[in-house]
Amino acid sequence: MIPLPTIFSITEDEIDLNDLLEKITLTSSGAAAIFTGMVRGVTARDNPHETVYLEYEAYIPMAEAKMKQVADEIRLKWDVIEGIAIVQRIGKLYPRTPTVLIACTAAHRDTGVFDAARYGIDRLKEIVPVWKKEVSPTGEEWIEGDYIPKPGE
Amino acid sequence: MIPLPTIFSITEDEIDLNDLLEKITLTSSGAAAIFTGMVRGVTARDNPHETVYLEYEAYIPMAEAKMKQVADEIRLKWDVIEGIAIVQRIGKLYPRTPTVLIACTAAHRDTGVFDAARYGIDRLKEIVPVWKKEVSPTGEEWIEGDYIPKPGE
Amino acid sequence: MNKIKLLFFATIRDRAGTKQMDLEIPDNLTIQELKDKLSSDYPKMAQSMKSVLMTINREYAFDEQIVPQNAEIGMFPPVSGG
Amino acid sequence: MNKIKLLFFATIRDRAGTKQMDLEIPDNLTIQELKDKLSSDYPKMAQSMKSVLMTINREYAFDEQIVPQNAEIGMFPPVSGG
């Protein structure tokens with residue numbers, strides 16, 4: 001039995017989608033759902049504003065442990081998932097740059113692979129200890145989430 | 001007003017996810033949902049079998065026109081979609097190789113961007129004139145779909 | 001007469017033994033009449049005609065549709081890309 | 001006494017003015033008692049204590065939990081990665 005590939009990392013390097021997809025593709029994999037988040041230079045919704053750059057920081061060892069937990073949760077909910085990659089880029093990131101990636105592979109596309117990727121990014125934004133400070137033309141501000149993890153979550 | 005990027009192509013070249021994502025990311029884009037299909041070397045579902053390679057062919061000018069139609073349909077259904085890329089690789093493709101990509105970008109991930117990518121791959125498999133011949137250890141066989149497009153569809 | 005170009009793909013191409021064919025057909029032939037003509041002129045193709053998808057100038061066509069002048073007609077099985 | 005390591009992130013780090021701090025605290029202090037102690041010892045941090053997330057050895061902790069010996073305690077606002 002080939003172990004199922006699970007990649008999770010906090011990195012300052014560019015996110016290489018080709019490389020990550022290759023690493024989570026088994027010979028039985030026929031479908032991959034990949035989510036990436038990018039830095040928006042202009043935001044229209046809610047409080048419209050411009051962004052010069054975002055500066056990300058992470059509690060690295062805990063963040064990697066929580067990414068592994070997200071991957072474990074995905075596998076519990078969708079047992080057809082073959083490979084999982086979860087990558088958060090940190091540092092100073094400019095508009096149009098991919099900052100985060102969640103990718104899941106499965107044999108077929110109708111197995112929940114899209115839902116699994118969606119769950120992964122939602123969950124990352126709840127429990128993985130990463131923060132971003134937004135630098136706009138008028139100043140800088142830490143972005144705060146609104147999710148309070150339960151103890152042990 | 002910046003025109004919204006729409007990429008559609010039939011190609012014999014490797015599918016470069018990094019490049020395609022970059023091309024459909026606007027400064028207002030914060031989320032991308034990407035689907036890729038890969039050649040399975042082993043298939044467990046339905047009729048379990050092994051695949052040595054798949055050989056794809058396309059009715060290229062019609063396939064590109066139908067890809068554009070799929071992109072137009074996506075934009076009609078999800079008007080928040082910013083960039084769209086639809087790429088089908090053809091030729092002789094071996095297990096673990098990405099064969100098709102559908103990618104959509106939007107400002108935020110809760111806008112239907114996942115559904116849009118899902119719709120795109122479902123629709124591609126219905127109306128875009130591409131076929132694959134499967135070569136297995138025991139012989140070769142054309143794979144046939146089961147969707148009959150309506151006239152003008 | 002109407003000079004058309006036929007393009008065959010996948011199983012249809014295998015049965016036709018060729019990728020494309022230039023053909024002269026009577027004016028105002030329907031797609032169904034074209035299929036009937038091909039079945040009788042090329043018996044090997046007859047068994048393909050039930051499930052074949054037909055296109056006129058790169059759009060899916062229906063059986064009652066008239067083949068326009070100088071049309072590009074595509075003939076192929078249900079698609080299986082992805 | 002219990003020697004612990006405190007790690008501060010994002011807004012909490014800005015208010016604390018440092019990334020980390022080694023601290024000696026009484027045995028069997030709860031997380032809530034630790035927060036109260038930090039609020040009184042470092043008044044600048046007091047306003048952070050309402051919405052702060054606390055972790056013990058890289059797991060989210062609750063207020064009644066006892067701080068174990070030599071714990072690594074993380075303190076930060078709700079996460080905003082992605």
Side-chain angles (χ1 to χ4, degrees), chain A residues 8 10-11 15 35-40 54-70 86-91 93 97-102 118 120-134 140-153, chain D residues 4-23 28-36 38-39 42 44-68 70-82:
Chain A
F8 41 92
I10 303 283
T11 179
I15 297 177
F35 175 83
T36 64
M38 296 83 76
V39 179
R40 278 189 305 279
L54 297 177
E55 183 138 24
Y56 284 76
E57 73 171 54
Y59 180 3
I60 293 176
M62 179 169 170
E64 292 185 339
K66 289 293 153 191
M67 287 173 159
K68 176 167 186 318
Q69 177 180 324
V70 171
I86 304 179
V87 178
Q88 171 77 56
R89 188 171 177 191
I90 59 172
L93 298 174
T97 308
T99 59
V100 67
L101 171 141
I102 311 275
R118 176 70 197 263
I121 182 62
D122 287 348
R123 208 61 185 124
L124 178 140
K125 284 171 174 267
E126 288 179 347
I127 65 167
V128 175
V130 174
W131 305 268
K132 54 193 170 209
K133 188 166 63 177
E134 178 163 36
E140 57 178 61
E141 185 181 17
W142 283 103
I143 312 295
E144 287 199 13
D146 50 22
Y147 188 82
I148 310 298
K150 290 179 282 296
E153 185 172 354
Chain D
I4 63 170
K5 178 191 276 187
L6 291 171
L7 301 175
F8 306 122
F9 298 93
T11 45
I12 311 294
R13 173 165 52 72
D14 285 356
R15 295 224 183 86
T18 181
K19 279 187 180 181
Q20 67 173 77
M21 189 190 287
D22 292 322
L23 206 65
N28 299 317
L29 213 60
T30 66
I31 286 287
Q32 182 61 56
E33 288 164 344
L34 173 60
K35 287 199 280 187
D36 293 344
L38 289 167
S39 291
Y42 306 92
K44 272 195 176 174
M45 293 185 68
Q47 67 175 121
S48 303
M49 290 301 156
K50 275 200 170 164
S51 64
V52 71
L53 300 183
M54 305 283 296
T55 63
I56 298 176
N57 298 331
R58 304 170 189 173
E59 289 291 348
Y60 291 105
F62 50 99
D63 285 344
E64 298 72 28
Q65 212 166 333
I66 300 285
V67 178
N70 307 309
E72 177 179 300
I73 304 292
M75 300 182 62
F76 47 77
V79 307
S80 60

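This is a predicted model, so every value here is computed, not measured. Every chain is numbered from 1 and lettered A, B, ... according to where its sequence line falls, protein lines coming before strand lines.
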Exercise. Let me see the working for D:M75 and D:L38 under side-chain contact (heavy atoms from CB on, under 4.5 Å), right down to the final yes or no.
Key: CA-CA 11 Å; D:M75 300 182 62; D:L38 289 167; 3.6 Å; yes
Side chain / backbone / both / neither for [X] at chain D, heavy atoms under 4.5 Å:
X      : result
A:Y147 : backbone
A:E55  : neither
A:Q88  : side chain
A:K125 : both
A:I102 : neither

Quiz item: Based on non-hydrogen pairs under 4.5 Å, which of A:E153, A:K132, A:K150 is most in contact with chain D?
Solution: A:K132
Quiz item: Between A:P129, A:P61, A:P151, A:A63, which shows the greatest number of heavy-atom pairs under 4.5 Å with chain D?
Solution: A:P151
Exercise. Anything under 30° is parallel, anything over 60° is perpendicular, the rest tilted; go ahead and classify D:F9 against A:W131.
Key: parallel
Quiz item: Minimum heavy-atom separation for A:A58 to A:I90, with atom names?
Solution: CB-CG2, 4.1 Å
Quiz item: Counting heavy atoms not belonging to A:K68, are there more than 12 under 6.0 Å from its NZ?
Solution: no
Quiz item: Taking everything shown except D:Q32 itself, do over 12 heavy atoms lie less than 6.0 Å from its CD?
Solution: yes
Quiz prompt | Part of D:D14 lying under 4.5 Å from any heavy atom of chain A | solution = side chain
Quiz item: Which answer fits D:A61, side chain, backbone, both or neither, if we ask what part of it has an atom under 4.5 Å from a heavy atom of chain A?
Solution: backbone
Practice problem: Identify whether the distance between the nearest side-chain nitrogen and carboxylate oxygen of D:E59 and A:K66 falls below 4.0 Å. | Solution: yes
Exercise. Answer yes or no: is there a donor N or O on one side and an acceptor on the other, between the side chain of D:S80 and the main chain of A:G145, under 3.5 Å?
Key: no
Exercise. Would you mind telling me which of D:R13, D:R58, D:Q65, D:E72 has the largest number of heavy-atom pairs within less than 4.5 Å of chain A?
Key: D:R58
Quiz item: Among D:N57, D:D63, D:I56, D:T11, who wins on heavy-atom pairs under 4.5 Å with chain A?
Solution: D:T11
Quiz item: Heavy-atom distance under 4.5 Å between the side chains of D:L6 and D:L34, does that happen here?
Solution: yes
